[in-house]
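Single-structure report; data block below.
Every chain is numbered from 1 and lettered A, B, ... according to where its sequence line falls, protein lines coming before strand lines. For the numbers below, each heavy atom of this structure counts, side chains included, while hydrogens, waters and symmetry mates do not.
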Number of protein chains: 2
Amino acid sequence: MLQEERYTYMAGVMKALAHPTRLFIVDELSKGPRNVGELTEMVGMDMSTISRHLSVLKQNGIIAAKKQNNQMIYHLLCPCVLDMYKCVIKIKEQAE
Amino acid sequence: MLQEERYTYMAGVMKALAHPTRLFIVDELSKGPRNVGELTEMVGMDMSTISRHLSVLKQNGIIAAKKQNNQMIYHLLCPCVLDMYKCVIKIKEQAE
DNA sequence: TGGTTATTTGGTCAAATAGACAAATACTGG
DNA sequence: CCAGTATTTGTCTATTTGACCAAATAACCA
């Protein structure tokens, strides 16, 4: 199993995306920047939970944040993530 | 958070891919069909562990298997999975 | 400075995951 | 049918994850 390190890194990025709430956040950020409060309200969970999800996405290079006054504004870094969705849809179609 | 079911399904597929060993298996199957023993040898883990990983990939519509004599031959269903890798590489570049 | 709002972090708990080994199952060939 | 090979499944253990609440931190405004 060569290039093991590479697979581990890639798995980390995939894992960061592999959660319904985080997928929603990515989808939402693809429409434009949002702050933590906005996302929290949309998801309907504790703000600390959303903050942790955002942290996971940020650590894996999927999103980034800017501080604006006392708010954190998150934005999507790499819109190509959305292309992954298309592949997943294909897989779903094939699975049926 | 509309379409919650859709996000959960997609997260399941992503999660199936979000493991170094399973990424390796997908990569290997993209080169051609393999049986469990071959994959086990390449990965260097217990065969039961590999079998479980294959099961996860199969359940999520990523791979499929055919029985040939007393062997199970696994093959990749949707090569578009490999395109995801490209996006992950982009993310990696951006994260640095 | 003190109060208010926005966000993150620490602690805890239950559930999910990944690994190993042993046992069960399925198929082949004598 | 029996032995051998290939694969899957049951069980156990250790680790990770995701959720909540409460407390800490940061930035604004009066």
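For the OP1/OP2 pair of D:dA6 and a distance below 4.0 Å, the side-chain nitrogens and oxygens of B:Tyr74 include no atom meeting the criterion. Within the 4.0 Å cut-off from OP1 or OP2 of C:dT17, at least one side-chain nitrogen or oxygen of B:Lys15 is found. Of the side-chain N and O atoms in A:His19, none sit less than 4.0 angstrom from OP1 or OP2 of D:dT16. An OP1 or OP2 oxygen of C:dG19 is reached within less than 4.0 angstrom by no side-chain nitrogen or oxygen of B:Thr49.
One can place CD of A:Gln71 at 12 Å from P of D:dC29, the figure rounded to the nearest angstrom. Between the C1' atom of D:dT7 and the CD1 atom of B:Ile63 lies a distance of 13 Å, rounded to the nearest Å.
Under a 3.5 Å cut-off, the side chain of B:Thr40 and the backbone N or O of B:Val36 do form a donor-acceptor pair. Of the possible polar contacts, one joining the A:Thr8 side chain to the A:Glu4 backbone as a donor-acceptor pair under 3.5 Å is found.
Contact annotation for B:Met72: backbone-only contact, meaning every heavy-atom pair under 4.0 Å involves sugar-phosphate atoms and none involves a base.
Using a 4.0 Å cut-off on heavy atoms, the residues of residues 50-58 of chain B that approach DNA chain C are B:Arg52, B:His53, listed by number.
Residue B:Ser48 is the one, among B:Ser48 and A:Asn69, whose nearest nucleotide of DNA chain D lies closer to the 5' end (criterion: closest heavy atom).
Residues A:Tyr7 and B:Asp27 have side chains that bring a donor and an acceptor to within less than 3.5 angstrom of each other.
Here the nucleotide nearest the side chain of B:Val36, chosen from D:dC21, D:dT7, C:dT8, is D:dT7.
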